[in-house]
Participant: 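Quick one: this structure, given as structure tokens, is what I'll be asking you about.
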Amino acid sequence: MTSFALVLFRWKDIFVKWPAVYGNSTDIVPDTLGPSSTLFGYDSSKRLVAFVDFFQPIAGEWWEAWLNQLRKQIPWDGFVLEDNEPAALTSKSETTVGLVCPKNSTLESPKYSPSAVDVWNSKEATNLLSDETICMVALHKIENATYRHYDVHNIYGHSQAVSTKNAIWKLTGKRGFLISDSSFAGTGTVAGAWFKTSLKESVPTAIRQSIISALEFNLFGMTAAGGSAEVFPVNASDCIKWQVFTTFHILAKSVVTSCSMDSNTASFAPVRKAIDTRFLLLPYLYTLFFHGLMEGEAIYRPLFFEYGTKLHNRNVLDIDDQFFWGSGVMFAPSLENNPTRSVYFPHDTFYQIDSGMKIVGDTRRKPVDMPENQMAVFLRAGYIIPTQPRLGAMSTSAARRNPFSLLIALHEHSDGSAVANGNLFWDDGESLDTVEKRDYMSWVIFNKWQEGNFSRSLLDYDVERNLIKNLTDNLTFGSLVVYGFDCSESPGITLRLDGRPLTMDRDNYSLHFEQEHKLLTIKLTVPFSQSFKLEIIAPVTRA
């Protein structure tokens with residue numbers, strides 16, 4: 001092992017420093033003044049620690065070398081930077097262990113102090129800005145300029161995230177995975193983030209607070225964000241309710257081991273269903289990340305992002321118990337142990353993802369059947385959602401090899417025609433430059449119109465580009481599900497693929513039409529990597 005003294009000698013300029021004026025000062029604890037004016041603090045175990053100045057390029061080189069050495073022992077793919085705030089034990093007096101900062105500095109006791117100082121300070125606090133962190137007078141270097149910690153405190157964790165992401169890219173040649181506890185505006189370009197929600201009051205309150213936090217993080221550009229809990233409920237039902245809800249955060253984190261529930265019991269079924277639904281929607285979520293990168297769109301959205309107050313009443317601004325993924329999928333988590341759930345539906349058409357039941361919204365809340373502890377998922381009319389069933393896969397790498405499915409939620413016009421649109425971004429899932437090369441993207445358009453006693457529907461699947469055919473040639477579409485499909489009798493439905501009539505015997509396809517909710521399911525194997533046009537001809541009942 002490399003000694004700490006040798007590390008300090010070789011990389012002596014990578015640490016946060018004391019200003020030179022404190023070299024012989026009695027205002028600081030001598031132990032906290034290290035070689036080359038390095039500032040030492042104390043961790044929670046009261047051990048002396050130095051703070052890496054990640055703003056310096058040389059510190060990034062040290063961090064990369066350290067991570068490379070670690071990779072030789074542990075073949076890592078990414079990191080979670082936990083507690084990466086510049087935290088340090090502080091002390092009121094020289095008789096207790098802790099970092100003592102100069103009390104006469106105006107940086108430590110500014111005229112106007114943030115209210116958070118009073119909220120977060122411990123009983124042993126000195127009411128200085130540096131309580132529980134390092135001194136505000138500490139020095140950082142950024143591009144040959146010197147800054148005080150007072151100036152850069154809020155972006156310290158961000159600087160480590162940037163250095164870590166650069167190291168991951170260089171050492172692995174892949175995107176990697178990075179989560180940072182400490183974040184700032186801009187951190188979303190290199191890392192995701194966890195945010196904490198207290199469950200002390202009640203799970204419904206925590207769910208609402210967590211939805212708001214997720215929406216805020218998306219507004220800040222932190223699209224890859226997810227919630228975790230500080231205090232877990234004892235009640236098994238509440239634990240399952242929380243687990244199901246957090247499964248649909250962009251970053252999902254399991255709390256099974258922290259709750260009093262057994263994953264082998266029937267009561268755990270809602271969690272398994274939530275995981276299956278999340279896996280199902282991953283291609284859609286992946287496509288949303290592409291649009292978030294290219295257009296800056298939020299992924300996790302409040303309802304008022306999609307429905308402004310000009311066309312909808314102002315109640316949409318108050319909805320804190322529902323959310324969207326993109327524009328096409330709306331979620332309503334279980335809040336109480338009731339068989340129904342009051343769901344707000346804007347002036348639009350929605351379909352329940354499981355049953356296909358059509359719901360026409362009128363800017364009011366409607367009661368919806370809600371199985372205990374489950375998540376209600378609704379497809380918005382006019383959108384095509386690319387999906388991929390889990391089919392027993394235990395990882396996303398395995399699930400990516402499964403057949404795709406398209407969920408087509410029709411938006412009907414007054415003349416009887418209907419339309420839905422969607423798109424899919426797909427690449428190898430790990431290379432660094434696929435977006436720049438625009439390696440793979442497909443567009444899907446579904447149009448439906450009526451001619452005489454028959455309706456004609458055309459699914460136009462257009463592969464705009466495919467530079468990774470070696471990764472997609474073995475992938476297929478396995479099924480199409482059309483919501484709101486009007487048909488008088490299913491035996492009369494015929495299919496044409498690229499103009500060629502299909503037969504069930506020769507082309508090995510099947511279809512099922514559920515009359516009550518007008519749900520058409522077609523099971524047909526079609527190559528994923530090739531454009532195709534599928535025509536559906538069905539008899540209709542004329543008015």
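Since the model is a prediction, treat every value here as computed from it, not as a measurement.
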Participant: Using modelled atom types only, decide if a donor and an acceptor are shared between the side chain of E372 and the backbone of P339 within a distance under 3.5 Å.
Facilitator: no

Participant: A side-chain contact here means heavy atoms from C-beta on lying under 4.5 Å apart; do V329 and F378 qualify?
Facilitator: no

Participant: Give a yes or no on whether the backbone of P102 and the side-chain of S105 come within a donor-acceptor separation of less than 3.5 Å.
Facilitator: no

Participant: Output yes when a side-chain donor or acceptor of D131 lies under 3.5 Å from a complementary backbone atom of L128, and no otherwise.
Facilitator: yes

Participant: Would you give the length of the straight line joining atom CG of L282 to atom CG of L288, rounded to the nearest 0.5 angstrom?
Facilitator: 11.0 Å

Participant: Run through H158, Q160, H140, E143 and flag the one making a side chain to side chain contact (heavy atoms under 4.5 Å, CB included) with F55.
Facilitator: H140

Participant: Which heavy atom in P204 sits nearest to a heavy atom in L335, and how many Å separate them?
Facilitator: CG-O, 3.1 Å

Participant: Going by atom types only, do T205 and S202 share a side-chain donor-acceptor pair under 3.5 Å?
Facilitator: yes

Participant: Could you please spell out the steps behind the side chain to side chain contact (heavy atoms under 4.5 Å, CB included) verdict for L39 and T32?
Facilitator: CA-CA 6 Å; L39 182 147; T32 62; 5.8 Å; no

Participant: Which atoms form the tightest heavy-atom contact between T187 and A161, and what is the distance?
Facilitator: CG2-CB, 4.2 Å

Participant: Between S431 and D433 (side chain of the first, backbone of the second, donor and acceptor by atom type, cut-off under 3.5 Å), is there such a pair?
Facilitator: no

Participant: Please check this pair: side chain of N166 against backbone of V162, looking for a donor-acceptor N/O pair closer than 3.5 Å.
Facilitator: yes

Participant: Could you tell me if the side chain of T396 sits less than 4.5 Å from the side chain of F279, heavy atoms only?
Facilitator: yes

Participant: Show your reasoning for whether side chain to side chain contact (heavy atoms under 4.5 Å, CB included) applies to L178 and V80.
Facilitator: CA-CA 6 Å; L178 182 61; V80 176; over 6 Å; no

Participant: Salt bridge or not for E306 and R380, using N-O below 4.0 Å?
Facilitator: yes

Participant: Specify the closest pair of heavy atoms between R365 and S342, including all atoms of both residues, with the distance to one decimal.
Facilitator: NH1-O, 2.9 Å

Participant: So does A206 get a backbone contact from the side chain of S210, meaning a donor-acceptor N/O pair under 3.5 Å?
Facilitator: no

Participant: Short question: side chain of N402, backbone of Q388 - any donor-acceptor pair under 3.5 Å?
Facilitator: no

Participant: Let me confirm one number: the OG1-CG distance from T164 to L67, rounded to the nearest 0.5 Å.
Facilitator: 6.5 Å

Participant: Tell me whether T133 contacts the main-chain N or O of L129 through its side chain, where contact means a donor paired with an acceptor under 3.5 Å.
Facilitator: no

Participant: Under 3.5 Å, is there a donor-acceptor pair between the D428 and T434 side chains?
Facilitator: no

Participant: Got a sec: does the OH of Y286 have more than 12 other heavy atoms crowding it under 6.0 Å?
Facilitator: yes

Participant: Are the charged groups of K273 and D276 less than 4.0 angstrom apart, N to O?
Facilitator: no

Participant: To the nearest 0.5 Å, what is the distance between OG1 on T106 and OH on Y150?
Facilitator: 8.0 Å

Participant: Using a 4.5 Å cut-off on heavy atoms from C-beta on, say whether the side chain of F425 contacts that of N423.
Facilitator: no

Participant: Is F79 close to I179 at the side-chain level, that is, under 4.5 Å between some pair of heavy atoms?
Facilitator: no

Participant: Considering non-hydrogen atoms only, spot the tightest contact between R301 and S327 and give its length.
Facilitator: NH1-OG, 2.9 Å

Participant: Between K241 and N337, does any side-chain donor sit less than 3.5 Å from a side-chain acceptor?
Facilitator: yes

Participant: Closest heavy-atom contact between C101 and I134?
Facilitator: SG-C, 4.4 Å

Participant: Given D53 and K141, is the side chain to side chain contact (heavy atoms under 4.5 Å, CB included) satisfied, shown in steps?
Facilitator: CA-CA 7 Å; D53 186 5; K141 286 186 179 180; 4.2 Å; yes

Participant: Salt-bridge test for E430 and R175: reply yes if a basic N is under 4.0 Å from a carboxylate O, no otherwise.
Facilitator: no

Participant: So if I apply the ring-ring contact (aromatic ring centres under 6.0 Å, His included) rule between Y300 and each of F248, F195, W325, F323, which one comes out positive?
Facilitator: F323

Participant: State, yes or no, whether a side-chain contact exists between N154 and Y156 at a heavy-atom distance under 4.5 Å.
Facilitator: no

Participant: W426 ring centre to R400 NZ or CZ under 6.0 Å, with the angle to the axis within 45°?
Facilitator: yes

Participant: Do the side chains of Y307 and Y344 get nearer than 4.5 Å, heavy atoms only?
Facilitator: no

Participant: Locate the shortest heavy-atom distance separating L99 from F40; write the atom from each residue and the value.
Facilitator: CD1-O, 3.4 Å

Participant: How many angstroms lie between CZ in F15 and CG in L139, if you round to the nearest 0.5 Å?
Facilitator: 15.5 Å

Participant: Assess, by modelled atom type and distance only, whether the side chains of S130 and E108 contain a donor and an acceptor separated by less than 3.5 Å.
Facilitator: yes

Participant: Does atom OH (Y147) have a neighbourhood of more than 12 heavy atoms from anything else shown, all under 6.0 Å?
Facilitator: no

Participant: Indicate the ring-plane relationship of H249 and F245, choosing parallel, tilted or perpendicular according to the 30° and 60° boundaries.
Facilitator: perpendicular

Participant: What is the ring orientation for H153 with H149, classed by angle as parallel under 30°, tilted 30 to 60°, or perpendicular over 60°?
Facilitator: perpendicular

Participant: Going from NZ on K17 to CD1 on I14, what distance comes out if it is rounded to the nearest 0.5 angstrom?
Facilitator: 8.5 Å

Participant: Give a yes or no on whether the backbone of K174 and the side-chain of T172 come within a donor-acceptor separation of less than 3.5 Å.
Facilitator: yes

Participant: Please check: side-chain N/O of R148 versus main-chain N/O of D151, any donor-acceptor pairing under 3.5 Å?
Facilitator: no

Participant: Could you check R71 against D77 for salt bridge (Lys or Arg N to Asp or Glu O under 4.0 Å), going step by step and ending with a plain yes or no?
Facilitator: CA-CA 9 Å; R71 193 162 188 255; D77 296 306; 6.0 Å; no

Participant: Rounded to the nearest 0.5 Å, what's the gap from CG on L280 to CD1 on I275? Could you check?
Facilitator: 13.5 Å

Participant: Taking side chain as C-beta onward, heavy atoms only, is V16 less than 4.5 Å from T38?
Facilitator: no

Participant: Going by heavy atoms in the side chains, are V377 and M330 under 4.5 Å from each other?
Facilitator: no

Participant: Begin from the C-alpha positions of W76 and I168 and carry the test side chain to side chain contact (heavy atoms under 4.5 Å, CB included) through to its verdict.
Facilitator: CA-CA 9 Å; W76 50 260; I168 292 174; 3.9 Å; yes

